[in-house]
Visitor: 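Take a look at the following structure, please.
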Amino acid sequence: MRPLDLLAVARRLMHDAGFEPDFGAAVAAEARRAVPPTTDGVRDLRTMLWSSIDNHTSRDLDQVEWAERLGPDRARLMIGLADVDALAPIGSGLDGHASVNTTSVYLGVATFPMLPVPLSEGLTSLLEGEDRLAIVVERVVTAAGEVENPQLHRALVRNHAKLTYEEIGRFLDGEGPPPANPDLEAQIRLQDEIGRWLKGARQQRGALTLETIEAHPVVSDGKVVNLELTRKSRAREIIEDFMLAANAAIAGFFEARDTSWIRRMVRAPKRWERIVELAAGLGETLPAIPNAPALATFLSRRRATDPTRFVELSLSVVKLLGPGIYVLERAGEDLEGHFGLAVQDYTHSTAPNRRYADLVTQRLLKAALAGLPVPYDDGQLGAIADRCTHMEDGARKVERRMRKVAAAAMLAPRVGETFEAVITGAKPDGTYARLLQPPAEGRVVRGEAGLDVGDRVKVRLIGTDPDRGFIDFVLQAGP
């Protein structure tokens with residue numbers, strides 16, 4: 001059997017989903033010619049002990065953090081967001097390419113960045129030891145999770161330490177050493193405390209606590225050797241907490257100024273009745289109509305009661321909630337909020353190197369801070385929101401298909417084996433199951449009648465087609 005060319009498959013999938021996986025010569029040349037922008041008129045905050053926490057392989061760094069304690073129950077939190085617009089302005093070739101793809105796509109076997117590497121992993125990345133322009137979100141946070149005196153401003157920052165989720169997660173769990181710099185150790189502990197304050201307030205409002213796992217292919221010598229799981233850790237939760245705080249602050253900024261902006265929305269789930277059924281099967285009762293606080297309370301109880309199977313429950317709920325979308329919110333409108341986060345006003349702003357919606361939001365924000373005209377009209381913002389939603393959906397499909405290609409290649413020698421699985425999709429066009437180990441997803445082609453999302457089943461692998469990413473199961477009867 002000929003070896004599978006994983007990179008060729010990745011490129012084909014990108015093309016099929018409407019992406020442009022390559023930067024044209026003009027765009028690549030524009031990136032190479034880029035020079036650091038002027039820093040005139042911005043605050044110089046380089047001496048503050050900024051740090052970042054990200055994957056150990058990441059170089060497209062969008063966010064740095066710093067905090068100081070103001071008292072036993074109050075602290076100042078500052079989040080610096082990379083000023084990508086300074087080097088990829090509206091109307092540039094870089095902007096044109098980014099507006100087509102709208103997102104970076106991470107496939108394990110290859111990464112297709114939204115912006116060329118000289119920018120996204122260079123001049124617009126908040127790399128350790130480098131001076132960079134940033135938009136700083138500053139908030140005073142109380143132990144009750146209340147936010148006081150939100151401020152936004154442009155600044156010059158320096159990332160003093162690129163930390164990783166793995167090392168900081170182990171440190172906070174008491175299983176690894178602290179950062180070598182004692183001041184940085186105190187920073188991380190304070191940031192962890194602030195994150196807990198913010199999370200506690202969100203949970204009281206009904207924000208959902210979910211723990212899903214994503215599998216990424218591990219490739220060696222062109223072959224898939226494993227599917228690696230990415231699990232939540234306290235380090236990841238800190239960045240998630242701060243990201244949510246920054247996005248909510250910027251959304252509030254737009255709301256207060258009665259201007260148009262791009263909202264991030266997750267509507268109340270259409271399949272709420274199935275979530276009610278899953279809860280009933282576990283001896284719990286949920287209201288007949290969608291209710292985020294009730295669902296959050298149920299999930300918190302299940303996490304405490306059965307942490308081993310909570311990941312399965314989370315996966316089922318995520319599938320039933322459905323994806324988020326981008327929508328235009330015109331000045332003066334009051335649209336539906338974000339069901340899963342239990343917030344009314346929410347945008348995406350914290351990943352301008354990786355998401356076009358965030359870059360557009362950054363331009364709106366910079367214009368407002370400088371007192372300049374709005375750079376987009378409502379028609380343009382609406383079209384951008386629709387495009388970002390469409391391409392985000394495409395990226396999810398490409399990522400899912402690439403995981404299936406990798407999983408099919410890895411599982412090919414195991415045809416005939418039986419696995420524990422959970423049903424992740426049940427539609428007229430097919431029923432899908434995800435194995436518990438390895439975490440591969442495929443189609444149940446026989447015995448699927450009556451199955452629904454969240455059902456725990458045994459399936460037998462009957463065939464794989466790595467070229468197309470097909471994995472076929474049949475329901476296994478009996479013990």
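Excluded from the calculations below are hydrogen atoms, water molecules and symmetry mates; all remaining heavy atoms, backbone and side chain alike, are included. The shown structure was predicted, so the numbers you read here are calculated from the model rather than taken from an experiment.
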Visitor: Ala34 and Leu87: which non-hydrogen atoms are nearest, and at how many Å?
Guide: CB-CD2, 4.1 Å
Visitor: Here's one to test your reading of the geometry: is the NZ or CZ of Arg434 within 45 degrees of the ring axis of Tyr432 and under 6.0 Å from its centre?
Guide: no
Visitor: Phe242 vs Ile194, test: side-chain contact (heavy atoms from CB on, under 4.5 Å). Steps then yes/no.
Guide: CA-CA 9 Å; Phe242 290 178; Ile194 296 170; 4.0 Å; yes
Visitor: Is it true that, when you exclude Leu372 itself, more than 12 heavy atoms of the residues, nucleotides or ligands shown sit nearer than 6.0 Å to its CG?
Guide: yes
Visitor: How long is the span from the CG atom in Leu133 to the CG atom in Leu123, to the nearest 0.5 Å?
Guide: 11.0 Å
Visitor: Using every non-hydrogen atom in the two residues, find where Met114 and Ser104 come nearest and quote the distance to one decimal.
Guide: N-OG, 2.9 Å
Visitor: Heavy-atom distance under 4.5 Å between the side chains of Leu81 and Asp358, does that happen here?
Guide: no
Visitor: When rounded to the nearest 0.5 angstrom, what is the spacing between NE2 in His160 and OG in Ser51?
Guide: 9.5 Å
Visitor: Side chain of Gln380, backbone of Asp377: donor and acceptor closer than 3.5 Å?
Guide: yes
Visitor: Could you tell me whether the side chain of Trp50 reaches within less than 4.5 Å of the side chain of Val136, counting heavy atoms only?
Guide: yes
Visitor: Checking side-chain polar atoms at under 3.5 Å, does Asp40 have a donor or acceptor matched by the opposite partner on Thr38?
Guide: yes
Visitor: Leu278 versus Leu320: any side-chain heavy-atom pair under 4.5 Å?
Guide: yes
Visitor: Run the side-chain contact (heavy atoms from CB on, under 4.5 Å) check on Val453 and Arg271 step by step: do they pass?
Guide: CA-CA 10 Å; Val453 173; Arg271 294 210 60 200; 4.2 Å; yes
Visitor: Using a 3.5 Å distance criterion without hydrogens, assess whether the side chain of Gln362 forms a donor-acceptor pair with backbone atoms of Ala82.
Guide: yes
Visitor: Test side chain to side chain donor-acceptor pair (under 3.5 Å) on Thr347 and Asn247 and set out the steps.
Guide: CA-CA 5 Å; Thr347 189; Asn247 285 332; over 6 Å; no
Visitor: In Å, rounded to the nearest 0.5 Å, how long is the span from CG of Leu61 to CZ of Arg354?
Guide: 7.0 Å
Visitor: Show your working on side-chain contact (heavy atoms from CB on, under 4.5 Å) between Thr361 and Phe254 and close with a plain yes or no.
Guide: CA-CA 10 Å; Thr361 296; Phe254 292 133; 3.8 Å; yes
Visitor: So, are Arg170 and Asp173 salt-bridged, with charged N and O less than 4.0 Å apart?
Guide: no
Visitor: Identify whether the distance between the nearest side-chain nitrogen and carboxylate oxygen of Arg234 and Glu237 falls below 4.0 Å.
Guide: yes
Visitor: Would you tell me whether Ser125 and Asp60 have side-chain atoms, one donor and one acceptor, within less than 3.5 Å of each other?
Guide: no
Visitor: Once the angle between the rings of His97 and Phe23 is folded into 0 to 90°, is it parallel (under 30°), tilted (30 to 60°) or perpendicular (over 60°)?
Guide: tilted
Visitor: Any carboxylate oxygen within less than 4.0 angstrom of a Lys/Arg side-chain nitrogen, looking at Asp16 and Arg401?
Guide: no
Visitor: Any side-chain heavy atom of Leu365 within less than 4.5 Å of one from Ser349?
Guide: no
Visitor: Ignoring hydrogens and geometry, is there a side-chain-to-backbone donor-acceptor pair from Asn101 to Thr103 under 3.5 Å?
Guide: no
Visitor: Are side-chain heavy atoms of Val398 and Met14 found at a separation under 4.5 Å?
Guide: yes
Visitor: Any cation-pi pair here, Arg263 with Tyr346, using under 6.0 Å and within 45°?
Guide: no
Visitor: I need the Ile188 CD1 to Ile53 CD1 distance, nearest 0.5 Å.
Guide: 4.5 Å
Visitor: Under 4.5 Å between any side-chain heavy atoms of Lys199 and Glu240, yes or no?
Guide: yes
Visitor: Minimum heavy-atom separation for Phe253 and Ala368, please, with both atom names.
Guide: CE2-CB, 3.6 Å
Visitor: With sequence neighbours excluded, give me every side chain to side chain donor-acceptor pair (under 3.5 Å) pair touching residues 178-190.
Guide: Gln187-Gln191
Visitor: Taking all atoms of both residues into account, what is the closest heavy-atom pair of Pro150 and Arg139, and its distance?
Guide: CB-NE, 4.3 Å
Visitor: Applying side-chain contact (heavy atoms from CB on, under 4.5 Å), run through Asp62 and Arg355 and close with a yes or a no.
Guide: CA-CA 10 Å; Asp62 288 297; Arg355 293 188 305 232; over 6 Å; no
Visitor: Check for a donor-acceptor pair, side chain of Trp66 on one end and backbone N or O of Met78 on the other, with a separation under 3.5 Å.
Guide: no
Visitor: What is the distance from atom CD1 of Ile168 to atom CG of Asp54, rounded to the nearest 0.5 Å?
Guide: 12.0 Å
Visitor: Check for a donor-acceptor pair, side chain of Arg387 on one end and backbone N or O of Val100 on the other, with a separation under 3.5 Å.
Guide: yes
Visitor: Closest approach of Ile275 and Pro269, non-hydrogen atoms and distance?
Guide: CD1-CG, 4.3 Å
Visitor: Out of Leu119, Leu94, Asp95, which one pairs with Glu30 under the side-chain contact (heavy atoms from CB on, under 4.5 Å) rule?
Guide: Leu94
Visitor: Name all residues meeting the salt bridge (Lys or Arg N to Asp or Glu O under 4.0 Å) criterion together with Glu20; count only those two or more places apart in sequence or in a different chain, and write none if there are none.
Guide: none
Visitor: State, yes or no, whether a side-chain contact exists between Arg59 and Leu127 at a heavy-atom distance under 4.5 Å.
Guide: yes
Visitor: Specify the closest pair of heavy atoms between Leu184 and Pro179, including all atoms of both residues, with the distance to one decimal.
Guide: CD2-CB, 3.9 Å
Visitor: Below 4.5 Å, heavy atoms only, C-beta onward: do Asp241 and Trp197 meet side chain to side chain?
Guide: no
Visitor: Roughly how far, to the nearest 0.5 Å, is the CG atom of Asp378 from the CD atom of Glu329?
Guide: 11.0 Å
Visitor: Between the main-chain N or O of Ala143 and the side-chain N or O of Asp73, is there a donor-acceptor pair closer than 3.5 Å?
Guide: no
